[in-house]
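Worksheet for the structure shown next.
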Amino acid sequence: MNSTEILDKDCSTVVKLLPTVIEVTSQERRMIKDAALHLQKKYDTYENRDFIKHVHQLASYFLPERILNIAADFASDFSKNQYGALIFTGLMDIDQENIGSTPSNWQSADYSKFNLYGFACALIHGALPSKPVQYYSQRKGGGLIHAIIPDEKMKETQTGSGSSTDLYVHTEDAFLKHQADYLSFMYVRNEEQVPSTLYSIRSHESIGENYRPLFERIYKIPKDANLETGDTEEETLDSVLYGNLSLPFMRFDAAEQLFNSSIRQSEEAQSTLHEFWEEARHLIYSGFTPQAGDVILVNNHLCAHGRSAFRAGVRNIDGIEHPCERRIMLRMMSKVSLIDMRAHTLTEDPFFVIEEHLGKNFQHF
């Protein structure tokens with residue numbers, strides 16, 4: 001199912017695993033839009049808990065059969081040939097006029113303008129054995145879908161609101177034991193033509209004995225830069241790789257684990273991480289520039305994501321800079337099982353995750 005690319009490297013032939021690209025047909029696009037309109041009329045908002053409870057049945061009924069089958073196959077494939085990312089080109093038509101000008105930051109976004117797209121994203125997650133959830137660590141909850149918008153005040157940060165520096169590849173919420181299983185990124189607007197970056201643990205030719213230390217729980221996995229860090233958290237350690245020794249899963253955040261000088265990894269951990277990164281950084285894929293309506297679906301245990309640096313609100317055409325609307329991306333997260341993480345969700349709302357850091361919960365809301 002995955003495509004490959006032949007690269008010329010030091011006069012030798014290298015086969016590089018790539019994410020799978022699915023071109024959504026005009027008929028499939030109409031079906032998805034019609035479904036989203038129908039569901040919006042029935043449930044009003046994708047936040048409706050009755051909608052989320054029945055999202056699997058609704059996905060089976062409303063999604064085009066081909067899209068449904070591709071997503072289902074993706075969810076059950078952990079093989080060496082599974083990159084961990086699907087790219088759906090042209091999944092939705094975006095009404096740019098209705099969206100209006102890009103707000104200055106995510107805090108001032110009008111989510112009613114994204115409501116229709118939220119239903120489409122949720123249906124894609126419903127094709128997986130996975131239900132949309134929200135995390136308190138993400139904007140104190142902030143709903144099931146998040147608008148990712150460049151913010152001039154945060155342009156140099158390693159966050160979704162940054163822009164002027166490369167956002168290092170990372171698995172989402174690597175600092176959580178119960179991080180999202182799947183992510184969807186719907187591109188509402190990308191007039192600056194910013195490439196996305198993806199990195200799959202399956203891109204390595206093999207995970208040999210030299211990377212066996214990555215399975216040991218000796219690594220500090222700090223919280224994101226925009227979250228407060230407690231005094232005792234640097235004592236909490238975990239592994240970078242886990243699961244099957246030959247075909248592992250990954251919990252990795254290059255910016256925080258490798259390049260945050262305050263972390264103070266042990267000498268052994270730092271050495272192993274640097275050796276791993278020296279190979280991994282050459283396997284990062286940045287050959288896809290999303291257009292409005294494209295969706296990237298990511299297995300958060302197999303594939304890390306990021307983006308290239310860019311000038312927000314500026315598009316370069318043949319060396320000439322033109323002002324444009326800043327980009328908008330919508331992110332949704334989902335979990336396969338709510339049962340094994342019930343100790344880390346609200347009592348009255350199992351779709352609301354309150355984990356703070358590697359098994360520790362937030363105490364106050």
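Worth saying up front: this structure is predicted, and the values here are computed from it rather than measured.
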> Does CD belonging to Q27 count more than 12 external heavy atoms closer than 6.0 Å?
Replying inline: no
> If Ile, Leu, Val, Met, Phe, Trp and Tyr residues are connected whenever their side-chain heavy atoms lie under 4.5 Å apart, and connections chain through other members, are L247 and Y242 in the same group?
Replying inline: no
> Within the side chain of T171, is there an N or O that forms a donor-acceptor pair under 3.5 Å with the backbone of F252?
Replying inline: yes
> Does any N or O in the side chain of E191 come within less than 3.5 Å of the main-chain N or O of E325, such that one atom is a donor and the other an acceptor?
Replying inline: yes
>> Counting C-beta onward and ignoring hydrogens, is there a side-chain heavy-atom pair between V295 and L86 closer than 4.5 Å?
In response: no
>> I'd like to check V194 versus N190 (side-chain heavy atoms, cut-off strictly below 4.5 Å). Are they in contact?
In response: yes
>> Could you tell me if the side chain of L283 sits less than 4.5 Å from the side chain of Y199, heavy atoms only?
In response: yes
> Yes or no on side chain to side chain donor-acceptor pair (under 3.5 Å) for H274 and Q270, after CA distance, side-chain angles and deciding distance?
Replying inline: CA-CA 6 Å; H274 270 293; Q270 188 74 9; 3.0 Å; yes
> Can you tell me if E192 uses its side chain to pair, donor with acceptor, with the backbone of G313 under 3.5 Å?
Replying inline: yes
> According to the interplanar angle, ranging from 0 to 90°, do the rings of H305 and H170 count as parallel (below 30°), tilted (30 to 60°) or perpendicular (above 60°)?
Replying inline: tilted
> Where do L37 and K33 land on the side chain to side chain contact (heavy atoms under 4.5 Å, CB included) test, with the steps shown first?
Replying inline: CA-CA 6 Å; L37 286 167; K33 183 179 180 180; 4.1 Å; yes
>> As a quick check of understanding, evaluate side chain to side chain contact (heavy atoms under 4.5 Å, CB included) for Q363 and E356, giving each step before the final call.
In response: CA-CA 9 Å; Q363 298 302 309; E356 179 190 21; over 6 Å; no
>> Under the side chain to side chain contact (heavy atoms under 4.5 Å, CB included) test against R251, which residue among L176, V240, D173, D238 passes?
In response: D238
> Short question: side chain of E355, backbone of H178 - any donor-acceptor pair under 3.5 Å?
Replying inline: yes
> Within the distance-only criterion (no hydrogens, no angle test), does the side chain of Q257 pair as donor or acceptor with the backbone N or O of D253 below 3.5 angstrom?
Replying inline: yes
> Roughly how far, to the nearest 0.5 Å, is CE of M154 from OG1 of T159?
Replying inline: 4.0 Å
>> Over 60° means perpendicular and under 30° means parallel, so tell me whether F74 and Y182 are parallel, tilted or perpendicular.
In response: tilted
> Among all residues two or more places apart in sequence or in another chain, which pass the salt bridge (charged side-chain N to carboxylate O under 4.0 Å, His left out) test with D93?
Replying inline: R29
> Is the backbone of K155 close enough, under 3.5 Å, to the side chain of S164 for a donor and an acceptor to pair up by distance?
Replying inline: yes
>> Quick check against the 3.5 Å criterion: does R326 have a side-chain atom that pairs as donor or acceptor with the backbone of V314?
In response: no
> Is there a side chain to side chain contact (heavy atoms under 4.5 Å, CB included) between E279 and Y211 once you walk through the steps?
Replying inline: CA-CA 11 Å; E279 182 175 329; Y211 289 138; 2.9 Å; yes
> So do the side chains of I52 and L144 get within less than 4.5 Å of each other, counting heavy atoms only?
Replying inline: yes
>> Classify the ring geometry of F276 against H204: parallel below 30°, tilted from 30° to 60°, perpendicular beyond 60°.
In response: parallel
>> If I compare all heavy atoms of T347 with all of R342, which pair ends up nearest, and what's the gap?
In response: O-NH2, 2.6 Å
> Where do G243 and F215 come nearest, in terms of heavy atoms and distance?
Replying inline: O-CE2, 4.1 Å
>> For R49, I'd like to know if atom CZ has over 12 heavy atoms of other residues, nucleotides or ligands within 6.0 Å.
In response: yes
> In the single-linkage hydrophobic clustering (I, L, V, M, F, W, Y; side-chain heavy atoms under 4.5 Å), do L58 and Y46 co-cluster?
Replying inline: yes
>> Contact between F119 and I145 at the side-chain level, heavy atoms closer than 4.5 Å - yes or no?
In response: no
>> Using a 3.5 Å distance criterion without hydrogens, assess whether the side chain of Q193 forms a donor-acceptor pair with backbone atoms of R315.
In response: no
>> Assigning hydrophobic clusters by single linkage (Ile, Leu, Val, Met, Phe, Trp, Tyr; side-chain heavy-atom cutoff under 4.5 Å), is I67 placed with L116?
In response: yes
> Would H38 and K41 count as a side chain to side chain contact (heavy atoms under 4.5 Å, CB included) if you check the C-alpha gap in whole Å, the side-chain angles of each, and the deciding distance to 0.1 Å?
Replying inline: CA-CA 5 Å; H38 173 82; K41 184 176 180 180; 5.8 Å; no
> How close do H301 and D181 get, heavy atom to heavy atom, and via which atoms?
Replying inline: NE2-OD1, 2.5 Å
> Stepwise, does the side chain to side chain donor-acceptor pair (under 3.5 Å) test hold for S79 with N81?
Replying inline: CA-CA 5 Å; S79 71; N81 294 319; 5.0 Å; no
> Does the ring centre of Y61 sit less than 6.0 Å away from the ring centre of H54?
Replying inline: no
> Does atom NZ of K113 have more than 12 heavy-atom neighbours, drawn from other residues, nucleotides or ligands, at distances under 6.0 Å?
Replying inline: yes
> I149 versus T102: any side-chain heavy-atom pair under 4.5 Å?
Replying inline: yes
>> For the residue pair R327 and F310, would you count it as a cation-pi contact if the rule is NZ or CZ under 6.0 angstrom from the ring centre and within 45 degrees of the ring axis?
In response: yes
>> Looking at every heavy atom in both M333 and A180, which two are closest together, and how far apart are they?
In response: CB-CB, 3.7 Å
> With side chains defined as the heavy atoms from C-beta onward, is the minimum distance between I296 and Y187 less than 4.5 Å?
Replying inline: yes
> Above 12 or not: heavy atoms from other molecules or residues under 6.0 Å from CD of E348?
Replying inline: yes
>> Quick one: does any side-chain atom of Q158 pair with a main-chain N or O of D166 as donor and acceptor, under 3.5 Å?
In response: yes
> Yes or no on side chain to side chain donor-acceptor pair (under 3.5 Å) for Q96 and R189, after CA distance, side-chain angles and deciding distance?
Replying inline: CA-CA 8 Å; Q96 298 292 340; R189 178 174 289 159; 2.8 Å; yes
> If you count the non-hydrogen atoms of other residues, nucleotides and ligands that lie under 6.0 Å from CD1 in I339, is the total more than 12?
Replying inline: no
> Does any non-hydrogen side-chain atom of F351 lie less than 4.5 Å from one of P132?
Replying inline: no
> Hey, quick one: are L39 and M31 part of the same hydrophobic cluster, counting side-chain heavy atoms closer than 4.5 Å, chains of contacts allowed?
Replying inline: no
> Can you hop from W106 to L167 via hydrophobic side chains spaced under 4.5 Å?
Replying inline: no
>> Test your reading of the model: is there a side-chain donor-acceptor pair from S130 to the backbone of K335, 3.5 Å cut-off?
In response: yes
>> With no hydrogens and no angle check, just 3.5 Å: does a side-chain donor-acceptor pair link S108 and N105?
In response: yes
>> Tell me the closest heavy-atom pair linking S266 and I218, and the distance in Å.
In response: OG-O, 4.3 Å
> So F78 and F249, would you call those rings parallel, tilted or perpendicular, with 30° and 60° as cut-offs?
Replying inline: perpendicular
> For H344 and G359, which heavy atoms make the closest approach, and how far apart are they?
Replying inline: CE1-O, 3.2 Å
>> Run the side chain to side chain donor-acceptor pair (under 3.5 Å) test on E172 and Q138 for me, step by step, so that the C-alpha distance in whole Å, both residues' side-chain angles and the decisive distance to 0.1 Å come before the verdict.
In response: CA-CA 10 Å; E172 192 71 19; Q138 295 272 359; 2.9 Å; yes
